[in-house]
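Working notes, beginning with the structure itself.
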Amino acid sequence: MEILGRFTIDSLPFYSVIAASGAGVTVLGGLLVVGVITWFGAWRYVWTEWLTSLDHKKIGIMYIMVALVMLLRGFVDAAMMRSQQAIAFNSDGYLPPSHFDQIFSSHGTIMIFFMAMPFMAGLINLIMPQQIGSRDVAFPFMNSISLWITTAGAGLVLISLVIGRFSTAGWTGYPPYSGVEFTPGVGVDYWIWAVLISGIGSTMSGINFVATIVKCRAPGMYMFRLPLFTWTVFVTAALMIFAFPALTVACTMLMLDRTLDMHFFTNGMGGNMMNYINIFWLWGHPEVYILVLPAFGVFSEVVAIFSQKRLFAYLSLVFATMAIAFLSFTVWLHHFFTMGSSAKVNSFFGTMTSIIAVPTGVKVFDWLMTMFRGRIIFKPPMLYMLGFLVLFVIGGLSGVLLALPPVDYVVHNTTFLVAHFHNVIIPGVVFGYLAGYMMWFPKAFGFKLNEKWGAWSFWCWTIGFILAFMPLYVLGFLGMPRRMEHYEIAAWQPHLIVAAVGAFIIFLGIVCMAIQLIVSLRDREELVDMTGDPWNGRSLEWATSSPAAPYNFAVIPDVKGLDAFWQMKAEGIAYKQPDHYEDITLPRNSSLGLMIGVLGGVFGFAMIWWIWWLAILSMGVIAVLIIIRACDDHTNFVMPASEVKAIEDAWFAKIAKAPRNEMEDDPGFAGFPAPEGTA
């Protein structure tokens, strides 16, 4: 039927038992969530407290929830690939080639766009405004839209499991594989529209974060007094503003090639496939640092807190962050040394790729010097920090090796590159975000996570990572191409079996995280954070209650120096209740952000399936909703001083019952605050 565009009964996932099973799990998972909320009669609470909230902290938590769901979904793809390759010696295995291609395409897409990016945005939303002494982000409503259209992009990827098929052209979507001639159907279109929609949300987030840091800092919070996490957020947000438009342009041009028969990236009619690859990696390599730099910021906070010392060489860490951001736009061509560029071009990009390792090395040495003579406390966040230092350096060294064009020519299309990429992203990004998740969890929910299960998750992630990816370096030198679903060389199989075992151990790490959350919920009374400062922290987010009040700070702090909260504790002025409070203006809840996100997903689905009337209708309604919001003069409400005082009185009553510091009993803890040690 034309009214449904390209959709037919054949679009349902009956072509494969595995595909049908995946679709069934996806549908049942969604129904389970709806059923649980309905069972507990919590729809009003979910709607008013979460779905329509403009509180940056709740938006951050919802981002992280999306990321954890997509982490599980993306890991299932990884496990399927590893298990297929482990048994596919002289065998077809259990995955048909086209299904295997869908899996590796969706795995990369999910992990980069819909796990790492939402996790990053979630931590930033949760913590950054509190670190700078702000009550909210600069544009709360834009923040809501960013969340929900990112979620809509993730939803399109999940829907592709149920209706139609996903792309088989890889997570990068290179032409000609992604052209309509080689990949007809809706698979590549799902990829294009999921990436386009989420990319718009990321661009909006970048604008919002920059505006927040520039305009919403507390008095005295000068730029060179910003905590390192906020500095990395500032630089990352600037990268997002400049890099994501390139991705939007590349995907839009590819969409026009496929939908309107244009020829931007075709062999004929004046097209050039390499233009796509240049534009894509003009976004793609800064994207690596968009993901890594906030994780570096998390590690900077972790190493200072759990070494009980100020950061070594703060300014060098700031300038190294700036240098990495600048250099990230000068190295994109190293992703395709095999294109056939001149020796001069290759040598320039090889040199710049080596140089970008220098500021990263500066950071590593600064972190090591922070730990030197510190009082290191081995909590789970610090374990992830130490694991990162060991593993990330290996990944960085393999990247410097790949910066040599002759070496890259040999191993570019092998599993060596897969090992290098994961050796950077998993320790550098995933470990960083998990460290932040475990450290800042009490700031979000008011109680700490169980440390035993957190440590078990770390060891499973670390051991599993080593077993899953170190064999791929060897396989790369043995000449195994990446993305192979079967093979005939017996020497490869033992390494692939070890890699599959490693993937299973990583799965155990994810299971440990789930158990950690369940056990912590059960024991939340014992794990409660009464003061808001469970780790003897240094920056202003630890000066608020756990969880923080809707306004964050009843009285905006006056910052006197670096490590503002540590200084307040040292001077004995922390936890001083003010004489009086004032009314506070806060953003009013709005359902329009959620509605725009849902309609954005509907628009993307309609464009994928060529349901033109639905695309026009959804875009028209989005325009109407934006006009309604623009005409609304009542977007804020005032919390009276009496309500603020009641909230603050309850917090100070908890502080009075709390021990002087909740880390006093830890070995190596030396008072409140602890001595700085020798730098």
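Position 1 is the first residue of the sequence, and the numbers go up from there.
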Check whether any side-chain heavy atom of [X] sits under 4.5 Å from a side-chain heavy atom of [Y], and report yes or no.
{"X": "I279", "Y": "M253", "result": "yes"}
{"X": "R629", "Y": "T635", "result": "yes"}
{"X": "I127", "Y": "L123", "result": "no"}
{"X": "Y63", "Y": "M120", "result": "no"}
{"X": "I290", "Y": "F244", "result": "yes"}
{"X": "H334", "Y": "L402", "result": "no"}
{"X": "T150", "Y": "V66", "result": "no"}

Taking everything shown except [X] itself, do over 12 heavy atoms lie less than 6.0 Å from its [atom1]?
{"X": "F242", "atom1": "CZ", "result": "no"}
{"X": "F348", "atom1": "CZ", "result": "yes"}
{"X": "F637", "atom1": "CZ", "result": "yes"}

Between [X] and [Y] (judged by ring centroids, cut-off 6.0 Å), do the two rings come close enough to count as a pair?
{"X": "W283", "Y": "F113", "answer": "yes"}
{"X": "W171", "Y": "F104", "answer": "no"}
{"X": "F603", "Y": "W193", "answer": "yes"}

Answer yes if the side chains of [X] and [Y] hold a donor-acceptor pair under 3.5 Å, and no otherwise.
{"X": "S316", "Y": "D366", "value": "yes"}
{"X": "W191", "Y": "T109", "value": "yes"}
{"X": "E301", "Y": "W440", "value": "no"}

Problem - Pair R310-W566, side chain to side chain contact (heavy atoms under 4.5 Å, CB included): steps then yes or no - result: CA-CA 9 Å; R310 70 172 65 89; W566 187 271; over 6 Å; no

Handout entry: Inter- and intrachain pairs under salt bridge (Lys or Arg N to Asp or Glu O under 4.0 Å), touching residues 142-154, at least two apart
Key =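 Non-adjacent pairs meeting salt bridge (Lys or Arg N to Asp or Glu O under 4.0 Å): zero.
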
Rounded distance (nearest 0.5 Å) linking atom [atom1] of [X] with atom [atom2] of [Y]:
{"X": "I584", "Y": "D136", "atom1": "CD1", "atom2": "CG", "answer": "12.0 Å"}
{"X": "I59", "Y": "L147", "atom1": "CD1", "atom2": "CG", "answer": "6.0 Å"}
{"X": "T266", "Y": "R258", "atom1": "OG1", "atom2": "CZ", "answer": "13.0 Å"}
{"X": "S341", "Y": "M274", "atom1": "OG", "atom2": "CE", "answer": "7.0 Å"}
{"X": "L401", "Y": "T353", "atom1": "CG", "atom2": "OG1", "answer": "12.0 Å"}
{"X": "M352", "Y": "L327", "atom1": "CE", "atom2": "CG", "answer": "5.0 Å"}

Handout entry: From Y433, F392, Y289, residue fulfilling ring pair (Phe, Tyr, Trp, His ring centres under 6.0 Å) relative to F296
Key =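 The residue from Y433, F392, Y289 that satisfies ring pair (Phe, Tyr, Trp, His ring centres under 6.0 Å) with F296 turns out to be F392.
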
Exercise for the section: Check each of F229, F431, F388 against F299 using the ring pair (Phe, Tyr, Trp, His ring centres under 6.0 Å) test, and report the only one that passes. Expected result: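 Answer after filtering F229, F431, F388: F388.
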
Problem - Aromatic ring pairing W609/F605, orientation class (parallel under 30°, perpendicular over 60°, tilted between) - result: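 Ring orientation of W609 relative to F605: tilted.
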
Exercise for the section: Sequence neighbours left out, what passes salt bridge (Lys or Arg N to Asp or Glu O under 4.0 Å) with R135? Give chain and number order. Expected result: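 Here no residue qualifies.
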
